[in-house]
Amino acid sequence: KDKDFVVQYTVKHEQNIDCGGGYIKLFPAGLDQKAMNGDSDYYIMFGPDICGPATKKVHVIFTYKGKNHLIKKEIRCKDDVFTHLYTLIVNPDNTYEVLIDNKREEGGSL
């Protein structure tokens, strides 16, 4: 509380990718990992998703009171073979920023 929350990690696609995700999900501590699946509840989903030439975006999804809230701003992800640093910053005033390679790509109010 009253501190920034930061999620930061690197993604490197070893080859040109046509379809795949490099995003992460932050799950509740009580998650039953043996029963985990694509529908398991999560708090935050963040990171790049590529599917063909049309979909090359960074997902920013927050779950609040059981509902997923997608940030509707289009954030283009990197789709080359180099390592890129993805950062999500959530501030105590309910604002957020998305950085790629330490450059601000998007931000706003939740």
Side-chain angles (χ1 to χ4, degrees):
K1 186 175 179 173
D2 298 327
K3 293 184 180 182
D4 294 345
F5 177 77
V6 179
V7 176
Q8 185 177 64
Y9 68 106
T10 59
V11 174
K12 179 177 184 190
H13 300 293
E14 296 290 335
Q15 58 192 14
N16 287 328
I17 186 169
D18 283 338
C19 195
Y23 51 84
I24 63 169
K25 290 182 177 180
L26 300 180
F27 294 100
L31 173 73
D32 178 357
Q33 294 181 28
K34 290 181 181 177
M36 186 178 98
N37 61 52
D39 293 325
S40 295
D41 290 337
Y42 60 87
Y43 292 132
I44 296 173
M45 180 173 147
F46 169 66
D49 188 20
I50 297 171
C51 194
T55 302
K56 296 180 182 184
K57 64 182 177 180
V58 176
H59 286 290
V60 182
I61 303 172
F62 294 94
T63 301
Y64 181 69
K65 293 187 177 182
K67 295 194 177 205
N68 293 342
H69 299 276
L70 171 67
I71 299 300
K72 300 204 186 320
K73 298 177 181 176
E74 190 70 26
I75 307 167
R76 187 164 173 84
C77 69
K78 304 296 183 184
D79 63 348
D80 54 37
V81 297
F82 301 105
T83 301
H84 296 284
L85 180 67
Y86 287 83
T87 307
L88 171 65
I89 303 168
V90 181
N91 301 299
D93 65 354
N94 286 332
T95 59
Y96 73 94
E97 288 184 280
V98 173
L99 289 72
I100 302 176
D101 298 330
N102 288 321
K103 178 180 173 257
R104 186 180 190 275
E105 297 293 331
E106 193 55 76
S109 178
L110 301 175

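The OH atom of Tyr64 sits 8.0 Å away from the NE2 atom of His69 when rounded to the nearest 0.5 Å. To the nearest 0.5 Å, atom OG1 of residue Thr87 and atom CD of residue Glu97 are 10.0 Å apart. For the atom pair CD (Glu74) and OG1 (Thr55), the distance works out to 8.0 Å, reported to the nearest 0.5 Å. How far CZ of Phe27 is from CE of Met45: 9.5 Å, rounded to the nearest 0.5 Å. The CG atom of Asp93 lies 7.5 Å from the OG atom of Ser109; values are rounded to the nearest 0.5 Å. Considering CD1 of Ile71 and NZ of Lys57, their distance stands at 12.0 Å, rounded to 0.5 Å.
Under a hydrophobic clustering in which Ile, Leu, Val, Met, Phe, Trp and Tyr are joined whenever their side-chain heavy atoms come within less than 4.5 Å, directly or via other members, Tyr96 and Leu85 fall into different clusters. Hydrophobic clustering of Ile, Leu, Val, Met, Phe, Trp and Tyr side chains at less than 4.5 Å, counting indirect connections, unites Met36 with Tyr23.
Using a 4.5 Å heavy-atom threshold, the side chains of Phe46 and Leu26 count as separate. The side-chain heavy atoms of Phe5 and Ile44, taken from C-beta on, include a pair separated by under 4.5 Å. Contact check for Leu99 versus Ile89: side-chain heavy atoms found under the 4.5 Å cut-off.
The side chain to side chain contact (heavy atoms under 4.5 Å, CB included) test with His13 singles out one residue from Asp80, Ile50, Val81, and that residue is Ile50.
In plain terms, the two heavy atoms of Leu31 and Ser40 that are nearest each other are CD1-CB, 4.1 Å. When all heavy atoms of Asn102 and Gln8 are compared, the pair lying nearest together is OD1-NE2, 4.2 Å. Minimum heavy-atom separation, Tyr86 to Cys77: OH-CB, 3.6 Å. The minimum heavy-atom distance between Tyr9 and Pro48, with the atom names listed, is OH-CD, 3.5 Å. The shortest non-hydrogen separation linking Phe62 to Leu88 is CZ-CD2, 4.2 Å.
Remark: the backbone N or O of Thr63 is not paired with any side-chain donor or acceptor of Asn68 at under 3.5 angstrom. Not a single donor-acceptor pair under 3.5 Å links the side chain of Thr83 to the backbone N or O of Lys12.
Surrounding CG of Asp4 are more than 12 heavy atoms belonging to other residues, nucleotides or ligands, all under 6.0 Å away.
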Please assess Val98 against Lys73 for the test side-chain contact (heavy atoms from CB on, under 4.5 Å), listing each intermediate value before the final yes or no. CA-CA 11 Å; Val98 173; Lys73 298 177 181 176; over 6 Å; no
Tell me, with the steps shown, if Glu105 and Val58 meet side-chain contact (heavy atoms from CB on, under 4.5 Å). CA-CA 10 Å; Glu105 297 293 331; Val58 176; over 6 Å; no
